[in-house]
Engineer: 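The structure under discussion is supplied below as structure tokens; questions concerning it will follow.
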Amino acid sequence: MDGVAALPPLRETIARHELDARKRFGQHFLLDLNLTRRIARAAAPLDQGTTIEIGPGPGGLTRALLLEGAARVVAVEVDPRALGALAELQIAAPGRLEVIEGDALGIDPASLGPAPRRIVANLPYNISTALLVRWLKSADALADMVLMFQKEVVDRLVAVPRTKDYGRLSVLAQHVCEVRRLFDVAPSAFVPPPKVVSSVAHLTPRPAGERLANLTSLEKVTAAAFGQRRKMLRGSLSGLFGNPVAALEGLGLSPTARAEELAVADFVRLAEALTNE
């Protein structure tokens, strides 16, 4: 850890490697070490298994993870410009940091190291929800996730029925995980500052026996229901069920209800009914 603490300030590293944040990578670099260490501590304990970081950029959060005692960090970075800065971190933390150049959307987290595996990341805004849905499908391989999103995404993750933010992402995330909002992060903490507030969330997968083994039917049901959220369910689900009214009434649900009125457990029962359709 001493080698990491002795590294030059992150701004200096960014300047030396000419790492201007690129919009096409959804990059907003987090430079405040107090803040990155707060995120790292939220994922503790880090001294066992594998800590997976997505989009480390110049390595601000990576430094914090190593300083907070991460035994092994696997950082996945799609931007080749960042590899030089990350190589300096590898030298400062011998044997504790592996850097993989690649697109996280194409990588199975279970392949990145021994359990317990946790993902800790300041996610690229442009692919954050796609990444999360992918990881929800790999929940068996993960102990937990501490992730930074745009605040509006976390609003959706924790939303309850009958609110405007409640939707497909709310149902998928809450069925698979216990979801907690940890804290918000002001735009001024980033370089360049985004136009929106960010939020950090903690997601802990529920025991395997408490969630569906396959999310395909739940994805289909929620996509149909919330894709036409102003429609009654008897209409929005007509493309999935031969007789949506009978399917809904058979589960004790009103065919004239709308998607936002159903609890997460109701959608799970609909998904099970679709699987058996």
Side-chain angles (χ1 to χ4, degrees), residues 1-17 19 21 25 27-79 81-101 104 109 112-124 128 131 142-149 180-193 198-204:
M1 281 183 272
D2 291 344
V4 178
L7 287 168
L10 204 57
R11 285 183 186 277
E12 187 179 314
T13 300
I14 290 170
R16 187 156 32 83
H17 291 274
L19 277 172
F25 292 127
Q27 290 172 328
H28 294 276
F29 298 148
L30 197 55
L31 303 190
D32 184 340
L33 188 56
N34 289 326
L35 190 51
T36 52
R37 290 188 77 158
R38 185 180 179 190
I39 295 169
R41 285 194 295 272
L46 302 173
D47 60 350
Q48 294 182 353
T50 309
T51 302
I52 300 164
E53 185 188 1
I54 306 302
L61 179 55
T62 322
R63 291 187 185 195
L65 292 167
L66 293 166
L67 288 168
E68 291 296 331
R72 182 171 186 269
V73 178
V74 178
V76 180
E77 178 56 68
V78 74
D79 183 358
R81 300 174 311 137
L83 300 181
L86 295 170
E88 294 175 5
L89 255 178
Q90 286 180 291
I91 293 168
R96 297 172 59 213
L97 173 61
E98 178 184 353
V99 178
I100 296 174
E101 183 181 0
L112 296 180
R117 300 176 200 89
R118 65 201 64 79
I119 301 177
V120 187
N122 166 25
L123 292 174
S128 61
L131 282 170
L142 300 170
D144 66 347
M145 297 177 273
V146 174
L147 306 172
M148 185 185 297
F149 302 91
R180 289 189 297 129
R181 183 199 304 273
L182 297 183
F183 53 87
D184 293 342
V185 181
S188 58
F190 298 87
V191 175
S198 299
S199 292
V200 178
H202 188 255
L203 296 94
T204 306

Engineer: Rounded to the nearest 0.5 Å, how far does OG of S128 lie from CD1 of I54?
Structural biologist: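 Those atoms lie 12.5 Å apart.
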Engineer: Is it true that a side-chain atom of R81 and a backbone atom of H17 form a donor plus acceptor pair closer than 3.5 Å?
Structural biologist: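 Not a single qualifying donor-acceptor pair exists.
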Engineer: For a quick test of reading the model, state the closest non-hydrogen atom pair linking V120 to A43 and the distance between them.
Structural biologist: CG2-CB, 3.5 Å
Engineer: Does some side-chain heavy atom of R117 sit less than 4.5 Å from a side-chain heavy atom of I119?
Structural biologist: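 Result no, sub-4.5 Å side-chain heavy-atom pair not found.
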Engineer: Is there side-chain contact between L35 and F183, with heavy atoms separated by less than 4.5 Å?
Structural biologist: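 Sidechains of F183 and L35: in contact.
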Engineer: Is a donor on one side and an acceptor on the other found under 3.5 Å between the side chain of T51 and the backbone of V73?
Structural biologist: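 Between the backbone of V73 and the side chain of T51 there is no qualifying donor-acceptor contact (under 3.5 Å).
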Engineer: If every non-hydrogen atom of I52 is compared with every non-hydrogen atom of P109, which pair is closest and at what distance?
Structural biologist: CD1-O, 3.8 Å
Engineer: For a quick test of reading the model, state the closest non-hydrogen atom pair linking A143 to P116 and the distance between them.
Structural biologist: CB-CB, 4.0 Å
Engineer: Taking the side chain as every heavy atom from C-beta outward, state whether M148 and L30 have any atom pair closer than 4.5 Å.
Structural biologist: yes
Engineer: Are any of the side-chain heavy atoms of L112 and V76 separated by less than 4.5 Å?
Structural biologist: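 Yes, side chains in contact.
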Engineer: In sequence, state the C-alpha distance, the side-chain angles, and the governing distance for H202 and D144, and then conclude on side chain to side chain contact (heavy atoms under 4.5 Å, CB included).
Structural biologist: CA-CA 7 Å; H202 188 255; D144 66 347; 2.9 Å; yes
Engineer: For residues 56-66, which side-chain N or O atoms pair as donor and acceptor with protein atoms under 3.5 Å away, sequence neighbours left out?
Structural biologist:
| from | atom 1 | to | atom 2 | distance (Å) |
| --- | --- | --- | --- | --- |
| T62 | OG1 | E53 | OE1 | 2.6 |
| R63 | NH1 | P8 | O | 2.8 |
| R63 | NH2 | P8 | O | 3.0 |
| R63 | NH2 | T13 | OG1 | 3.1 |

Engineer: Apply salt bridge (Lys or Arg N to Asp or Glu O under 4.0 Å) to R16 and list each qualifying residue two or more places apart in sequence or on a separate chain.
Structural biologist: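 Once residues adjacent in sequence are excluded, the partners of R16 under the salt bridge (Lys or Arg N to Asp or Glu O under 4.0 Å) criterion are E88.
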Engineer: Identify the heavy atoms of A75 and L97 that sit nearest to each other, and give their distance.
Structural biologist: CB-CD1, 4.1 Å
Engineer: Hey, does R38 have a side-chain heavy atom less than 4.5 Å from the side chain of L182?
Structural biologist: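 No; the side chains remain at least 4.5 Å from each other.
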Engineer: Can you measure from CG (L86) to CD (E98) and round to the nearest 0.5 angstrom?
Structural biologist: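 Result: 12.5 Å between the selected atoms.
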Engineer: Can you tell me how far CD1 of I100 sits from CD of E77, rounded to the nearest 0.5 angstrom?
Structural biologist: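 These two atoms lie 12.0 Å from each other.
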Engineer: Using a 4.5 Å cut-off on heavy atoms from C-beta on, say whether the side chain of L67 contacts that of L33.
Structural biologist: yes
Engineer: Is there side-chain contact between N122 and F190, with at least one heavy-atom pair below 4.5 Å?
Structural biologist: yes
Engineer: State, to 0.1 Å, how close P114 and R72 come at their nearest heavy-atom pair, and which atoms those are.
Structural biologist: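 Minimum heavy-atom separation between P114 and R72: CD-NH1, 4.1 Å.
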Engineer: Can you name the residues that form a side-chain hydrogen bond (donor to acceptor under 3.5 Å, both in side chains) with R41, not counting sequence neighbours?
Structural biologist: E68
Engineer: Show, in sequence, the C-alpha distance, side-chain angles and deciding distance for L131 and F149, and conclude whether the side chain to side chain contact (heavy atoms under 4.5 Å, CB included) test is met.
Structural biologist: CA-CA 11 Å; L131 282 170; F149 302 91; over 6 Å; no
